[in-house]
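Comments concern the structure below.
Just so we're on the same page: letters track the sequence lines, and every chain starts at 1.
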Amino acid sequence: MSDFEHQIYEAVKNAVSSVYGIDATDVLAVETPRDPKMGDYSTSIAMRLAKQLHKKPSDIAEPIVEELKKTFTQAKSIEIANPGFINFRISEDSLSQVINRILEAGDSYGSNDSGKGTKVLVEWVSANPTGDLHCGHARNAAWGDSICRLMETSGYDVLREYYINDAGNQVNMLGESLIARYFEYFGKEYPLPEDGYHAEDVKKIAEEIAVQDGERWLDADPSERLAYFRKEGVNRELAKIEKDLEMYRVSMDSWMHETFFYEDDSRRIRDCLSRMESMGLTYEKDGALWFKSTDYGDDKDRVLRKSDGSLSYLTPDIANHVYKVERGYPNLIDLWGADHHSYVIRMNAALKALGYPADTLHVDLIQMVRLVENGEEVKMSKRTGNAITIRELCEDVGVDAARWFFVSKDVATHMDFDMYLARQKDNNNPVYYCQYAYSRIHSILEKAQTFEKKDTYDRLSEEKELLLLKMLGDFPNHVAEAARTRKPNKITDYVLSLVKVYHSYYNSCRVINNDDPDLTNQRLGLVKATGITLKNALGLLGVSAPDSM
RNA sequence: GCGCCCGUAGCUCAGUUGGAUAGAGUAUCAGAUUCCGAAUCUGAGGGUCGCAGGUUCGACUCCUGUCGGGCGCGCCA
């Protein structure tokens with residue numbers, strides 16, 4: 001059985017059709033009123049039809065309601081409110097059905113098929129393999145991973161991909177920096193490039209190579225040596241990144257190397273370029289090959305092949321995006337730092353010019369994060385003197401808090417990450433407020449020992465119980481909506497409001513009551529269903545649900 | 001100068017294809033444990049939704065202008 005929102009949607013659609021002969025699909029919406037006194041659900045359909053029917057909304061609503069009273073039997077009441085809302089209240093008996101639905105679904109409760117099997121390729125994190133992940137990547141990683149979890153749970157077919165920039169100049173810099181540190185290890189001189197990587201982790205990798213390979217690279221052929229140190233550097237940096245992501249509960253299905261597109265004599269890139277050339281999208285100027293991106297909304301044309309014959313960053317990345325589509329993913333999502341926003345127009349221009357539909361690529365931009373403590377920005381790690389890494393952040397505040405905080409605020413807003421607050425293990429910290437509720441649930445179920453599934457839970461009639469039932473039943477809708485809009489913060493909001501009601505219920509009603517085993521059993525069903533829902537919701541955020549804390 | 005993002009309670013933020021009296025948390029103040037974990041609960045105060053116009057039955061939401069903050073404007077990646 002589907003949830004109430006869908007049931008009401010169908011019932012209203014049918015009622016409008018039979019009363020007015022109108023297909024309301026495009027204008028019909030079922031909502032939850034802000035004020036619960038209005039009802040459990042409402043629709044503004046009568047107001048939306050007013051213009052078309054030339055009648056007062058309340059007059060339009062009346063026959064619809066009469067029809068609904070006959071067809072929608074799960075309702076306890078259906079009423080018209082000014083200026084023309086139709087408000088529904090669900091009967092207690094229908095509401096309590098959700099308990100068995102949740103108990104049967106278990107870990108999969110919240111799953112829905114709103115994604116209809118749509119194939120989506122999500123590219124995110126994609127930090128350069130030249131150093132450790134820092135807090136900006138942590139925001140990107142948490143958000144992207146939750147988006148993937150939400151979409152998977154909503155029936156999308158998701159591929160999680162990391163694009164590795166291992167072909168550009170910054171990788172040469174990494175190689176040169178490693179060689180310099182390698183020489184330094186053996187007491188020899190080698191210039192550390194000015195734009196090179198000076199961080200401690202680069203030094204450490206150079207030392208590892210020195211220990212592993214000995215002195216044999218000191219007198220080696222310079223270009224062979226650079227190639228080796230590039231490759232070693234990238235591999236070892238990537239291994240660290242993968243390990244950090246694993247610690248952060250993020251896993252990728254696919255690691256796509258930029259160098260892949262240079263393989264086979266750059267076949268994929270050449271194909272792309274010749275496609276663009278034959279479509280008349282390019283021109284030569286000053287010895288370089290340009291893309292006429294201004295024809296597709298860009299503010300200036302972009303260089304594809306530089307005058308020295310090498311390619312700009314854009315070119316292999318176009319091939320990368322084309323290759324995603326060719327692999328069978330017509331829907332692409334990228335998560336980039338907001339400082340790359342001008343690049344969004346460029347990439348979309350390229351895809352559009354090549355003939356792909358306008359909505360092929362969605363780029364979600366992640367605004368900057370500032371780590372803040374006591375109202376002041378924390379720029380450097382006290383221990384290392386460098387930018388704070390994702391690992392240091394998680395060792396400090398915990399993975400649960402880090403992921404919760406990053407995912408609870410829309411990435412379109414500039415974020416101050418409050419280190420002090422995230423570290424708190426008390427009621428100031430929303431993560432612990434939610435996890436504590438789960439521990440309380442677990443503890444109650446442990447204590448009660450027995451629970452027996454029943455066909456009906458007809459004695460759950462307290463205000464808080466009915467509210468809980470309704471919220472539990474709405475969970476799959478919240479998941480679907482969060483997946484559709486790619487906003488996991490809708491789930492943190494849901495969890496907070498669910499947990500608030502649960503804590504309140506816990507304080508006002510005793511669950512375990514030895515004088516009334518039947519009522520105890522019914523309440524245990526509600527508590528158990530709440531626990532399952534809460535754990536699944538936290539799971540979508542990559543946050544744990546501890547049995548005790 | 002041009003482009004993108006943001007501006008809602010003291011602070012951090014929600015606000016459901018435009019809907020009902022703009023909501024949470026926190027902080028402040030006042031209360032609640034004979035009983036399932038007080039890491040909890042109940043209540044109070046707190047607002048010109050940056051500002052000014054426009055669109056309509058209805059605007060925090062859409063449009064125009066304007067102010068403030070962030071970011072970007074390379075044959076770097």
Side-chain angles (χ1 to χ4, degrees), chain A residues 26-35 37-38 42-44 47-48 50-51 56-57 81-85 87 128 130 165 167-171 173 195 258 285-290 298-300 302-314 317 337-345 365-368 370 372 375 405 408-416 418 421 424-430 432-433 435-437 439-448 477-478 481 485 489-490 492-493 496-497 500 502-513 520 523-524 527 548-549:
Chain A
D26 293 337
V27 285
L28 177 55
V30 179
E31 298 168 336
T32 299
R34 236 176 234 141
D35 186 350
K37 273 181 247 141
M38 301 296 187
S42 75
T43 177
S44 56
M47 281 122 85
R48 285 166 198 263
K51 202 168 270 179
K56 267 168 58 189
N82 281 328
F85 289 99
N87 293 330
N128 285 345
T130 53
N165 300 131
N169 201 31
Q170 82 281 2
V171 184
M173 283 299 170
D195 302 332
E258 184 183 1
K285 193 182 103 188
D286 303 332
L289 182 70
W290 295 71
D298 205 349
D299 56 351
K300 54 184 82 164
R302 303 295 169 178
V303 169
L304 293 168
R305 189 174 54 232
K306 299 182 241 175
S307 53
D308 69 358
S310 68
L311 302 172
S312 72
Y313 178 78
L314 176 64
D317 206 16
D339 51 343
H340 291 81
H341 68 256
S342 63
Y343 197 79
V344 177
I345 298 164
L365 292 174
I366 319 280
Q367 294 294 334
M368 306 257 296
R370 296 193 324 155
V372 171
F405 273 61
S408 63
K409 292 183 173 86
D410 195 323
V411 285
T413 65
H414 310 270
M415 175 183 181
D416 283 349
D418 189 333
L421 178 59
Q424 295 307 105
K425 302 248 190 290
D426 61 23
N427 61 344
N428 291 316
N429 191 334
Y432 289 93
Y433 181 73
Q435 291 181 320
Y436 179 56
S439 294
R440 272 181 150 183
I441 287 169
H442 186 264
S443 156
I444 248 181
L445 294 171
E446 287 270 286
K447 195 148 291 179
N477 285 334
H478 289 280
E481 185 59 13
T485 55
N489 59 323
K490 287 179 189 294
T492 53
D493 287 350
L496 275 172
S497 52
K500 184 178 155 72
Y502 180 75
H503 277 311
S504 172
Y505 173 55
Y506 184 96
N507 269 271
S508 63
C509 277
R510 258 193 86 79
V511 172
I512 298 173
N513 178 355
T520 298
R523 287 183 169 171
L524 284 172
V527 168
S548 64
M549 34 197 302

With 3.5 Å as the limit, what N/O pairs link the protein to nucleotides 9-13 of chain B?
residue	atom	partner	partner atom	Å
B/U12	O2'	A/Lys409	NZ	3.3

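- Checked against salt bridge (charged side-chain N to carboxylate O under 4.0 Å, His left out), A/Glu258 has no partners two or more places apart in sequence or in another chain.
- The aromatic ring of A/Phe85 does not sit over the base of B/G19; the criterion of centres under 5.5 Å apart with planes under 30° is not met.
- Taking atom P in both B/U61 and B/U55, the straight-line distance is 15 Å, to the nearest Å.
- The OH atom of A/Tyr502 sits 14 Å away from the C1' atom of B/A39 (whole-angstrom rounding).
- Comparing the P positions of B/U12 and B/G31 gives an interatomic distance of 30 Å, to the nearest angstrom.
- If you check every strand for non-hydrogen atoms under 4.0 Å, A/Arg523 touches nothing.
- From A/Leu311, atom CG reaches atom CG of A/Leu289 across 9.5 Å, with rounding to the nearest 0.5 Å.
- Taking the six-membered ring for Trp and thresholds of 30 and 60 degrees, A/Tyr502 and A/Tyr506 have ring planes inclined between 30 and 60 degrees apart.
- The backbone N or O of A/Lys500 lies less than 3.5 Å from no partner atom in the side chain of A/Ser504, so there is not a single donor-acceptor pair.
- When the P atom is used for both B/A52 and B/A9, the distance is 16 Å, rounded to whole Å.
- In this structure, the CZ atom of A/Phe405 is 15 Å from the P atom of B/G25, given to the nearest Å.
- In this entry the base of B/U55 is anti relative to its sugar, with a glycosidic angle more than 90° from 0.
- Counting non-hydrogen atoms under 4.0 angstrom, A/Leu289 reaches nothing in the nucleic acid.
- A/Asn429 places its CG atom 11 Å from the P atom of B/U26, with the value rounded to the nearest Å.
- Nucleic acid contact for A/Thr485: none, since no nucleic acid atom lies under 4.0 Å from a heavy atom of the residue.
- Taking atom CZ of A/Arg370 as the reference point, atom P of B/C6 lies 18 Å away to the nearest angstrom.
- A distance of about 30 Å separates the C1' atoms of B/U21 and B/U64, rounded to the whole Å.
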For RNA chain B, the dot-bracket pattern of Watson-Crick and G-U pairs whose distances stay under 3.5 Å, | for other-strand partners: (((((((..((((.....[...)))).(((((.......))))).....(((((..]....))))))))))))....
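- When side chains are defined from C-beta on, A/Thr130 does not count as touching A/Met173, because their heavy atoms never get closer than 4.5 Å.
- A distance of 11.5 Å separates CE in A/Met415 from CD1 in A/Ile366, rounded to the nearest 0.5 Å.
- To the nearest angstrom, P of B/C6 lies 13 Å from CD1 of A/Ile366.
- Comparing B/A39 with B/G50, their P atoms sit 39 Å apart, to the nearest whole Å.
- Proximity of A/Thr492 to A/Phe405: side-chain heavy atoms (C-beta onward) are nowhere separated by under 4.5 Å.
- When atom types are taken as modelled, the side chain of A/Thr43 and the backbone of A/Ala29 share a donor-acceptor pair closer than 3.5 angstrom.
- Along RNA chain B, the nucleotide nearest A/Cys509 and the nucleotide nearest A/Pro83 are compared for position; the residue whose nucleotide lies closer to the 5' end is A/Pro83.
- Between the A/Asp308 side chain and the A/Ser310 main chain, a donor and an acceptor come within less than 3.5 Å of each other.
- With values rounded to the nearest 0.5 angstrom, A/Tyr313 atom OH is found 8.0 Å from A/Gln170 atom CD.
- Taken to the nearest 0.5 Å, the OG atom of A/Ser439 stands 11.0 Å off from the OH atom of A/Tyr432.
- Look at the C1' atom in both B/G15 and B/G54: the space between them is 24 Å, to the nearest Å.
- Within 4.0 Å (heavy atoms only), A/Asn87 reaches at least one base atom of the nucleic acid.
- Ranked by how close their nearest RNA chain B nucleotide is to the 5' end, A/Val27 and A/Asn513 are led by A/Val27.
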Go through the steps for A/Tyr343 and A/Arg302 under the test side chain to side chain contact (heavy atoms under 4.5 Å, CB included), then give the verdict. CA-CA 10 Å; A/Tyr343 197 79; A/Arg302 303 295 169 178; over 6 Å; no
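- Looking at heavy-atom distances under 4.0 Å, A/Val344 makes no contact with the nucleic acid at all.
- Across the C1' atoms, B/G45 and B/A30 are found 11 Å apart, a figure rounded to whole Å.
- With P as the reference atom, B/U42 and B/G10 are 24 Å apart, rounded to whole Å.
- Side-chain N or O atoms of A/Thr520 include one that pairs as donor or acceptor with a backbone N or O of A/Asn513 at under 3.5 Å.
- A straight line from OH of A/Tyr506 to P of B/U33 spans 16 Å, rounded to a whole angstrom.
- In this structure, CG in A/Asp410 is found 9.0 Å from NZ in A/Lys490, a value given to the nearest 0.5 Å.
- Within the 4.0 angstrom heavy-atom criterion, only backbone atoms of the sugar-phosphate kind lie near A/Ala412; the bases stay farther away.
- One finds the CG atom of A/Asp339 at 9.5 Å from the CD atom of A/Gln367 (value rounded to the nearest 0.5 Å).
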Might you list the N or O atoms of the protein lying below 3.5 Å from N or O atoms in nucleotides 41-45 of chain B, with each pair's distance?
residue	atom	partner	partner atom	Å
B/C41	OP1	A/Tyr433	OH	2.3
B/C41	O4'	A/Asn507	ND2	3.1
B/U42	OP1	A/Ser504	OG	2.9

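- One atom, CZ of A/Arg48, and another, P of B/U17, lie 7 Å apart when rounded to the nearest Å.
- Within 4.0 Å (heavy atoms only), A/Ser42 reaches at least one base atom of the nucleic acid.
- In this structure, the CG atom of A/Leu28 is 15 Å from the P atom of B/G19, given to the nearest Å.
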Heavy atoms under 4.0 Å is the rule here; annotate nucleotides 72-77 of chain B 5' to 3' with B where the base is hit, S where only the sugar-phosphate is, and - elsewhere. SSSBSB
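- The ring pair (Phe, Tyr, Trp, His ring centres under 6.0 Å) test applied to A/His478 returns A/Tyr494, not counting sequence neighbours.
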